[in-house]
*Asks:* 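Right, I'll just put the structure down here and ask away after.
Residues take their numbers from the sequence shown, with the count starting at 1.
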Amino acid sequence: MAGFRNGRGRDNREAPQGPPQHYGGQYGGQYGGGQQWPQSGNGHVQGQGQGQGYGPGNGHGEPEYFGDPGTAQPYAPQAGHDPYAANNPGHTQAFSVHDDDAYTQGATYQAGSAAPGPVGPRLHWKQLLSGVVLRPAPTYLQMRDYAMWAPALIVTFLYGLLAVFGFDGAREDVINATLGSAIPYVLFTGVVITLGFFVLGVVTHTLARQLNGDGAWQPTVGLSMLIASLTDAPRLIVGMFLGGDAAFVQLLGWVTWLGAGALLTTMVSKSHDLPWPRALAASAIQLIALLSIIKLGTF
């Protein structure tokens, strides 16, 4: 009587021991005309994929291992699990490139960010002094990355030495004083005006940075000192001969003050990459100080 069969219809009795069967002969009429599959030494059938290391056997009659050969266990496929899918040991792991990667972000220049680099070489002091008034926009843009302490300090100090003679009361005091008293007075005035213009330039730079400007403080301060000194030079020269209280000198002072405001606004806009309303607001304190102390003769 036949033995008991399991739920799958297979016989529970052990299969008789014997040589491995040749599958090619059984299905030769349909698959290859009776061609037999080669077999390894341990009785495993070797297919094309197994000969190349794609199956459970590695083509040499041994099971395939994954991981460290010293600690890994023979690979045992699980039911319902694809052993050759991604993210499995020995296979490629999927990954994604995040949008916040610092190396994939573009370097697009935007307003309020640092400038990519100097626009051109440093200007000679003659080109700098003439460009402050005659070529303001390209000069300020080219010099926004360079300090100019020597021209700024020398020009401002010379302006301060002559500023005494642009005011009627101060000029009379210097002329009537002895030489030993006049020289320290003139030198002291030059130092005070130089320090005053320096402080006003620092204030302008600080306000520009508060308004999201990105310029350096040394070019901003140096250019502001040159603008304040060079724009007031016409009024100062005329005032030395006509007096600071003359109507024409006062009118000339208003005109040069408006020019100083336009130049300061342009300088802050080019040096700090700001729109002109913000640049004008950053220059407001310096302009008010120049108007009340220098232009109107209240120094």
*Asks:* Tell me if a side-chain donor or acceptor on Gln142 pairs with a main-chain N or O of Pro121 at a distance below 3.5 Å.
*Replies:*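 A pair under 3.5 Å: yes.
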
*Asks:* Restricting to non-hydrogen atoms, name the atom on Ala228 and the atom on Thr231 that form the minimum distance, rounded to 0.1 Å.
*Replies:* O-OG1, 3.6 Å

*Asks:* Which heavy-atom pair separates Val155 from Ser229 by the least distance, and what is that distance?
*Replies:* CG1-CB, 4.0 Å

*Asks:* Drop me the distance from Leu162's CG to Thr189's OG1, to the nearest 0.5 angstrom.
*Replies:*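 It is 11.0 Å, given to the nearest 0.5 Å.
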
*Asks:* May I ask whether Leu158 and Leu195 are part of the same hydrophobic cluster, defined by side-chain heavy atoms of I, L, V, M, F, W, Y residues being less than 4.5 angstrom apart, directly or through others?
*Replies:*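 Yes, Leu158 connects to Leu195 through the hydrophobic network.
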
*Asks:* Taking side chain as C-beta onward, heavy atoms only, is Asp232 less than 4.5 Å from Arg235?
*Replies:* yes

*Asks:* Which value, rounded to the nearest 0.5 Å, describes the distance between Thr156 atom OG1 and Met225 atom CE?
*Replies:*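 It is 3.5 Å, given to the nearest 0.5 Å.
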
*Asks:* Under a 3.5 Å distance rule, please check whether Ser181 uses its side chain to pair with a backbone N or O of Ala177 as donor and acceptor.
*Replies:* no

*Asks:* I need the minimum non-hydrogen distance between Ala279 and Ser269, along with the two atoms involved.
*Replies:*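 Taking every non-hydrogen atom into account, CB-N, 3.7 Å.
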
*Asks:* Grab the two heavy atoms, one from Leu280 and one from Leu287, that are nearest each other, plus how far apart they are.
*Replies:* CD1-CD1, 4.2 Å

*Asks:* What residues form a side chain to side chain contact (heavy atoms under 4.5 Å, CB included) with Met148, not counting sequence neighbours?
*Replies:* Leu128, Met143, Pro151, Pro219, Leu223, Leu226

*Asks:* Out of Phe157, Trp125, Trp217, which residue meets the ring-ring contact (aromatic ring centres under 6.0 Å, His included) rule with Trp149?
*Replies:*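 Testing Trp149 for a ring-ring contact (aromatic ring centres under 6.0 Å, His included) against Phe157, Trp125, Trp217 leaves exactly one candidate, Trp217.
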
*Asks:* What's the shortest heavy-atom distance between Arg135 and Ser130, and which atoms?
*Replies:*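 Closest heavy-atom pair between Arg135 and Ser130: NH2-OG, 3.3 Å.
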
*Asks:* Is the backbone of Gly215 close enough, under 3.5 Å, to the side chain of Arg209 for a donor and an acceptor to pair up by distance?
*Replies:*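 Yes; judged by distance alone, with no hydrogens or angles, the pair exists.
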
*Asks:* side-chain contact (heavy atoms from CB on, under 4.5 Å), that's the test. Do Leu179 and Ile183 meet it? Break it down for me.
*Replies:* CA-CA 6 Å; Leu179 184 61; Ile183 292 178; 3.9 Å; yes

*Asks:* Please round to the nearest 0.5 Å and tell me the distance separating atom CD1 of Ile237 and atom CG of Leu252.
*Replies:* 10.0 Å

*Asks:* Check whether the side chains of Asp173 and Tyr185 place a donor and an acceptor atom closer than 3.5 Å, and report yes or no.
*Replies:*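 No, no side-chain donor-acceptor contact under 3.5 Å.
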
*Asks:* Just by distance, do the side chain of Ser224 and the backbone of Val221 share a donor-acceptor pair under 3.5 Å?
*Replies:*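 Looks like yes, one N/O pair under 3.5 Å.
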
*Asks:* How long is the span from the CZ atom in Phe197 to the CD atom in Gln286, to the nearest 0.5 Å?
*Replies:* 8.0 Å

*Asks:* Exactly one of Thr266, Asp214, Thr220, Thr204 should register a side chain to side chain contact (heavy atoms under 4.5 Å, CB included) with Ser271. Which one does?
*Replies:* Thr220

*Asks:* Kindly write out the residues that satisfy side chain to side chain contact (heavy atoms under 4.5 Å, CB included) with Ala284, not counting sequence neighbours, or none if the list is empty.
*Replies:* none

*Asks:* Would you say Val255 ends up clustered with Met240 if hydrophobic residues are merged whenever their side chains have heavy atoms under 4.5 Å apart, either directly or through other cluster members?
*Replies:* no

*Asks:* State which residues pass side chain to side chain contact (heavy atoms under 4.5 Å, CB included) with Arg278; sequence neighbours excluded, sorted by chain then number.
*Replies:*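 Partners of Arg278 under the side chain to side chain contact (heavy atoms under 4.5 Å, CB included) test: Leu211, Asn212, Leu274, Pro275.
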
*Asks:* Return the minimal non-hydrogen interatomic distance between Thr194 and Gly190, and the atom names on each side.
*Replies:*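 Looks like OG1-O, 2.7 Å.
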
*Asks:* Taking a hydrophobic cluster as the set of Ile, Leu, Val, Met, Phe, Trp and Tyr residues connected by side-chain heavy atoms closer than 4.5 Å, whether directly or through intermediates, do Phe241 and Leu161 fall within one such cluster?
*Replies:*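 Phe241 clusters together with Leu161.
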
*Asks:* Honestly curious: do Leu264 and Trp254 fall in one hydrophobic cluster under the side-chain, below-4.5 Å linking rule?
*Replies:* yes

*Asks:* In this structure, would Val268 and Trp276 fall into the same cluster of hydrophobic residues linked by side-chain contacts under 4.5 Å?
*Replies:* yes

*Asks:* Any chance you could measure His205, atom NE2, to Ser283, atom OG, to the nearest 0.5 Å?
*Replies:* 12.5 Å

*Asks:* Does any N or O in the side chain of Tyr140 come within less than 3.5 Å of the main-chain N or O of Val132, such that one atom is a donor and the other an acceptor?
*Replies:*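 Judged by distance alone, yes, a pair lies under 3.5 Å.
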
*Asks:* Looking at CG of Leu200 and CD1 of Ile285, how far apart are the two atoms once the value is rounded to the nearest 0.5 Å?
*Replies:* 9.0 Å

*Asks:* Okay, side chain of Asn176, backbone of Glu172: is any donor-acceptor separation there less than 3.5 Å?
*Replies:* yes

